[in-house]
Amino acid sequence: NNWISPIMKYHFPFFIQSGVDGWQHIYPDDKYTYDNIDLSVKSCLEYNAIGYSTSLWSDAIQTLMRNSWIYMAYGGIVSWKGSPADRDQFLNEYCKIIYLDVSNEMVNAFKKLNEAQMYFEKCFHERHTLPDMFENPFSEFSLKNTNEHVNDYKQARLAAEDAEESLIAALQKNTSDSEFIKTLLVNARLLDYTGMRFLFAKTIVDYWDDYVSGKGIKDSWIMFYDIEHSEHGLTDNVLEYISEIKPEYKQAWLSQYMPYRMNDMLERFDAEYNFWYDVRLKIQYYKHHYDIDKHPATFEETFKSLIHPLD
């Protein structure tokens, strides 16, 4: 009413436009988007709007738009129908039409992508998963938040990995919609990676602190090996994953966009790689130049610049 009343007062003709809530998200907010479309169409009918349209937004953080086509289709159906559609039925019918040979795999993939996104929205203070996924996972705020949402991060990863399995299975059937499915796979991997980086940061800090407090393993060589080893350590797992996602993201971008602004997004992957590489170098330097057994200190005390970057 607050938006429509001034227009109605002067009898201006008007359209109502809904928006897919995908801006600043790795994957769109499913419920928020469906609710927005249903409410917008309801308002069109209630206030005699002359038309309705569904829109996509990208804002400063460029999202991969193919995640949103399913919601654009829903907006078209609901505006034609004049009332909300059953969402589960819509998803099933949509996948049968668009992804004929792999509809079962795609139904599960869409559900699991949304499930992962919903878990992450519980974790991030501003609900925006695409910018928040690159926050410093070792900061005091992030570590506190991760400890409070450990299960949400784990469940998000599990859901994202379930989506990956379904999307890979769909691609193995040589479906004609492979480029769309590859884009969804990139987003599933981004969701998986997001959970990984925050959980691994917590694991590294806990591993270190447990050792110096005497609660963990008794061999510092094993502790360092598991954290920073260049072939098997947690930091190297993160470096390998982010280096794989960057070219996949670039390929997905170029399959649906022009190169304009692409490097702005790709640089974020480079910055992420450099961040984790620096973490590994700091830990390696400490291992080679200090004796943790003679001077035990917590991870926070040892690497203050990571925990308190503005101090």
Notebook entry, point to check: Which atom pair, heavy atoms only, marks the closest approach of Ser43 to Ile4?
Noted result: CB-CD1, 4.1 Å
Next item on the list: From the options Tyr193, Phe200, Phe138, select the one residue that forms a ring pair (Phe, Tyr, Trp, His ring centres under 6.0 Å) with Trp276.
Entry: Phe138
Checklist line | Donor-acceptor side-chain pairing of Glu93 and Gln89 below 3.5 angstrom | finding: no
Item checked: Salt-bridge present (Lys42, Glu46; N to O < 4.0 Å) -> yes
Margin query: Using ring centroids (six-membered ring only for Trp), state whether Phe14 and Trp3 fall under 6.0 Å.
Written below: no
Check: Hey, is Asp270 close enough to Lys246 for a salt bridge, meaning N to O under 4.0 Å?
Finding: yes
Checklist line | Polar contact flag, side-chain donor to acceptor under 3.5 angstrom, Ser83-Lys81 | finding: yes
Item checked: Residue pair Lys144, Glu148: steps toward the salt bridge (Lys or Arg N to Asp or Glu O under 4.0 Å) verdict -> CA-CA 6 Å; Lys144 180 177 181 294; Glu148 292 173 353; 2.6 Å; yes
Note to self: If we count only N and O atoms by modelled type, under 3.5 Å, do the side chains of Tyr273 and Asp278 hold a donor and an acceptor together?
What the structure shows: no
Check: Under 3.5 Å, is there a donor-acceptor pair between the Asp192 and Tyr241 side chains?
Finding: yes
Next item on the list: Flag this pair as yes if the NZ/CZ of Arg66 is under 6.0 angstrom from the six-membered ring centre of Phe180 and inside a 45 degree cone about the axis; otherwise no.
Entry: yes
Next item on the list: Mind checking ring pair (Phe, Tyr, Trp, His ring centres under 6.0 Å) for Phe15 and listing every partner two or more places apart, or none if nothing turns up?
Entry: none
Check: Looking just at side-chain N and O atoms, do Ser18 and Tyr52 make a donor-acceptor pair shorter than 3.5 Å?
Finding: yes
Note to self: Donor-acceptor check, side chain of Asn136 to backbone of Ser142, threshold 3.5 angstrom: yes or no?
What the structure shows: no
Atom pairs and distances, donor-acceptor, side-chain atoms in residues 101-113, under 3.5 Å, two or more places apart:
unit_1, atom_1, unit_2, atom_2, d
Glu105, OE2, Lys173, NZ, 2.6
Asn108, ND2, Ser166, OG, 2.7
Lys112, NZ, Glu115, OE1, 3.2

Margin query: Taking the six-membered ring for Trp, are Tyr153 and His149 closer than 6.0 Å centroid to centroid?
Written below: no
Item checked: Validation row, ring centre Tyr249 to ring centre Phe269 under 6.0 Å -> yes
Checklist line | Distance-only polar pair, side chains of Tyr207 and Asp226, donor-acceptor under 3.5 Å | finding: yes
Notebook entry, point to check: Taking all atoms of both residues into account, what is the closest heavy-atom pair of Ser255 and Thr183, and its distance?
Noted result: OG-OG1, 4.3 Å
Margin query: The criterion is ring pair (Phe, Tyr, Trp, His ring centres under 6.0 Å); which residues satisfy it with Trp80, sequence neighbours excluded?
Written below: none
